[in-house]
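To start, the structure under review is shown below, and the notes come after it.
Throughout, a chain's letter reflects where its sequence line sits, starting with A, and its residues are numbered from 1.
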Amino acid sequence: MADSGVIDGPGRKDEIERAKSEGKDLTKEEKQRLRKEKKQQKKIKEKKDDKASQENEKEKKPVTSAAPASQPPTQPTVQKAPSAVPATAPVSVPASEASVPADKPTKTKAELKAERRARQEAERASKQTKKGETGQQAATSKPKAPPSDLQPVVKRLPEHIQVDNPDVLKKLAKKLERQQIPLRSDYGYKVSLFSHLHQYSRKAPLTQQLSIPSTVIHPAIVRLGLQYSHGIVAGSNARSVALLHAFKQVIRDYTTPQNEELSRDLVNKLKPYISFLNQCRPLSASMGNAIKYIKKEISNIPSNCKEDEAKNKLLNCIESYINEKIILAGVAIAKCAIEKQKISDGDVILVYGCSSLVNHILCKAFEKNRKFRVIVVDSRPRLEGKEALRRLVQKGISCTYVLISAVSYILPEVSKVFLGAHALLANGYVMSRVGTSQIALVAKAFNVPVLVCCETYKFCDRVQTDSFVSNELDDPDDLIVTRKGTTPLEGWENESSLGLLNLVYDVTPPDFVDLVITELGMIPCTSVPVVLRVKNVDQ
Amino acid sequence: MELQAVLMAAGGGSRMTDLTYNTPKAMLPVGNKPLMWYPLNLLEKVGFEEVIVITTKEVQKAMSTDLKIKDVKMKLDVVSIQEDGDMGTADALRHIQPKIKTDILVLSCDLITDVALHEVVDLFRAHNATMAMLMSKAHEFTETVPGQKGKKKTAEQRDFVGVDKSGKRLLFMANEADLEDGLSIRKSIMRKHPRMLIKTGLVDAHLYCLKKAVVDFLTENKSISSIRGELVPYLVRKQFSKTVNSQKLKDDTDDQTQEKNDGPLLISSRDEPLLQLAQERSCWNDHRGDMSEAYHGGKLRCYVHIMDQGLCCRVNTLAAYIEVNRLAPKLFEEPSVHPSADISERCQMGSDSIIGAVCHIADKTSIKRSTIGNFTTVKEKVKVTNSIIMHGVTIEEGCNIQGSVICSNAVIGRGADLKYCLVGNGQHIEPEGKS
């Protein structure tokens, strides 16, 4: 995988982006057709202008936004069908994306003027339409509608995977400056395949640049950010719970300023905190979903609600979210796994790393007197398996401990593989700790069933087919081993041709996963988008 | 608000009475700035906006007239206490307990350092510690101290500091004076931390981050009067005490008195259930190799940051004072000659010297590696080497001053020859005096 990637890395990136955009089109297409057939015919004309302004507001790549801005006048009668995404668009999109790094400085004045004019018209039109709709609906419907009738389907890429794009970095710096949050600088030489990701050093924490009695950022959030960057709070569930705990403290200490509404001001207050936490360590999918939930709850607070009542309501919402989505979901998953005989007597179960959910399931199964033994597979540099081993052995479960290099030696003994997940992607891929896809692959080769345990709040509607596009680079100094005071890799930063890569996540294809156990039941990997759709409809 | 800063400036300077019998220790000039300006500057640089200063009325008066302290932009909330010296640092904290609303950062006025404060505070935040402190590797003082014959033996008051193998967690702290029979370490500590490094050559910077609960605890336990001498060793010992770790606290009726004493400490150090849940689910542990959870389940944790490089000096002896006078000005990028000083052209001034405001330096003088305070007058043909001259001093012609400390408002008569002397406040040295 690494070899082929080296040669056609940049080319693959474009293809991936195009596939993502077209794939997204299809699913969103279906949704729109079911829901808004009537409305869309009225709104086609309005939305052409809206989408231009939306694209301009939300688009992070200024060049590619030039494409949709200039095209609306030329395509008034475009159809909604995805096939009608004009031939010009796919050609122009990859061309413009591929030429983005090179062509930016060569935009002509005429194009800039046309862009500006189109933007002004679009903003004027959008202001008129916004009067008729509630803020939320407009925000959610507009990005969904434009891709359907919109020709250049340029998807907004999140900034954390565009680190090698200086424009994006400049925008990020400006945004952080506005929010008064220091910018964390990258450290060390990045391997070229992953140069589009951030790489930070643990020895340069973000608090170095903050004032000590932190006034801009709530102390609970500073503490949380430190714990994330030091790795004291690690693991998807732990991070989400700690995040919600910190938000509870923020809400408790919050007072609405004069002439402001809690529902709008509190959301604005949370934005810099989220940027700060993102700088400390990139947010996980579960944290993203939790944040979305809280923001929704906050904006749903009626304006006539008193502050104390509103705060209590929010605190209860957070409590119930944690209770339902994490604690009870864990209990339900364990029950499901045990009762449906997924853990039976005489089983030899293989687990990888330390997943809080898998450990919980195994401990519960042991309490219900199932006779099984566990093989814990571990990998450097985190060696999280040691913690899993400790927890299981403390309960009394008999365990074996191996490193990942020995997986193919012990797999003949294994009857089942239980894996935890960091997130489940919309195309059925499982994003988890690096090494999980290896284990799944080897297990498949040995015909051992692989079961992934994941709560539904970790499902995210991102689509990814490889581990390169979106990942996290940990501190490269963690890879260095010091024995008896000597370090072979000492001074690695000074070697110009040496790069240390410490990946955190990888992506497992659904072909290798036999079953996903969620609190909604046991579903195959490909049913993840169905669950997402059901969740969206509920909301 | 996250942290409140408390500056202890009521100390008497008992180990350098020659210097402090007239000037309070907090206002001793170091590099022509009052001693307490340095910790205030450290706090200001880091971003504090308010400081509670605990001091005596004398110092308070002196502070209100001092220019440098007026320059400090932070809001100084001065609390004055009696000068009789019976009040220890912990007593002072108890005195200001109503003002304390959050965790505190306690500093001593005689600390001069360029430490990155976030290192200490990060330990305090990240591990939710009860106490975090700063220590530094001690440096030998090389200068001869005036008034002392020969090198003084390092006092028997050594501190034994035990840290775990990461060098951050504080496991053991005792002063040699308290260890009569030898150093004994409890088995429970050894079981939890089999590798302990015991260091003796460390200087305690007297910079502590304490949880608010500790201040509440002090109000209940009136027997503790000194932070460094009693509170810190108590907290370090309490980390491994059985009552803190056992879960059966509420049911025990036997240890009621014990409980009452430890009450505030424990209630605060018990984390909320959500934090507990997060810690349970997190796959992190601070140690490997035994069956216990992170931090061995201990709720009370003490951390220390040990500085390897950089300046960290406590000015509580004469030797330290002299050393610091030379090192401290290098911390700042200020011109060594104050603009309002009047220096004649034929004066030879070394680059290590500092001249204060409104000084008059006459011709043919030679000033090397010295500090000259404000409002001093130095007449012709004077040689000043390796000395500290405080404010308002007059040095008549032809004097030769070497390795000495001359306190404020002294007058050195013509032709005096002073070597390694300590001249007190307002003293007059006769002309042609030799020492």
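Chain B forms the most heavy-atom pairs under 4.5 Å with one residue out of A:Ala238, A:Ser211, A:Ser356, A:Pro213, and that residue is A:Pro213. Most heavy-atom pairs under 4.5 Å with chain B: of the set A:Glu387, A:His218, A:Glu384, this distinction falls to A:Glu387. When each of A:Ser355, A:Gly231, A:Ala242 is checked for heavy-atom pairs under 4.5 Å with chain B, A:Gly231 comes out on top.
Side chains of A:Ile322 and B:Leu277 form a contact here, defined as non-hydrogen atoms less than 4.5 Å apart. Counting heavy atoms from C-beta outward, A:Glu319 and B:Leu274 have side chains that approach closer than 4.5 Å. When side chains are defined from C-beta on, A:Arg390 counts as touching B:Glu293, because their heavy atoms get closer than 4.5 Å. The closest side-chain heavy-atom distance from B:Leu105 to A:Ile212 is not below 4.5 Å.
When every heavy atom of B:Glu2 is checked against every heavy atom of A:Pro219, the shortest pair comes out as CG-CB, 3.6 Å. A:Arg391 and B:Gln279 get closest at one heavy-atom pair: NH2-O, 4.4 Å. Taking every heavy atom of both residues into account, B:Ala126 and A:Gln227 meet most closely at O-NE2, 2.9 Å. Nearest heavy atoms, B:Cys283 versus A:Gly235: SG-N, 4.4 Å.
At a heavy-atom separation below 4.5 angstrom, chain A is approached by B:Val46, B:Gly47, B:Phe48 within residues 37-49 of chain B. Contacts between residues 112-119 of chain B and chain A, defined by a heavy-atom separation under 4.5 Å, are made by B:Leu117, B:His118.
Atom-to-atom distance recorded for A:Arg223:CZ and B:Phe124:CZ is 6.5 Å, nearest 0.5 angstrom. How far CG of B:Asp122 is from CG of A:Leu206: 10.0 Å, rounded to the nearest 0.5 Å.
Neither the backbone nor the side chain of B:Thr102 comes within contact range of chain A; no heavy atoms are under 4.5 Å apart. Within the 4.5 angstrom heavy-atom criterion, atoms from both the backbone and the side chain of A:Ile326 approach chain B. For B:Asp103, the part sitting under 4.5 Å from any heavy atom of chain A is the side chain, from C-beta outward, and nothing else.
Listed for the A:Gln394 side chain is a donor-acceptor partner under 3.5 Å among the backbone atoms of B:Met291. In terms of modelled atom types and a separation under 3.5 Å, the side chain of B:Ser282 and the main chain of A:Ile232 share a donor-acceptor contact.
Shown here is B:Gln97, whose CD atom has more than 12 heavy atoms of other residues, nucleotides or ligands within 6.0 Å.
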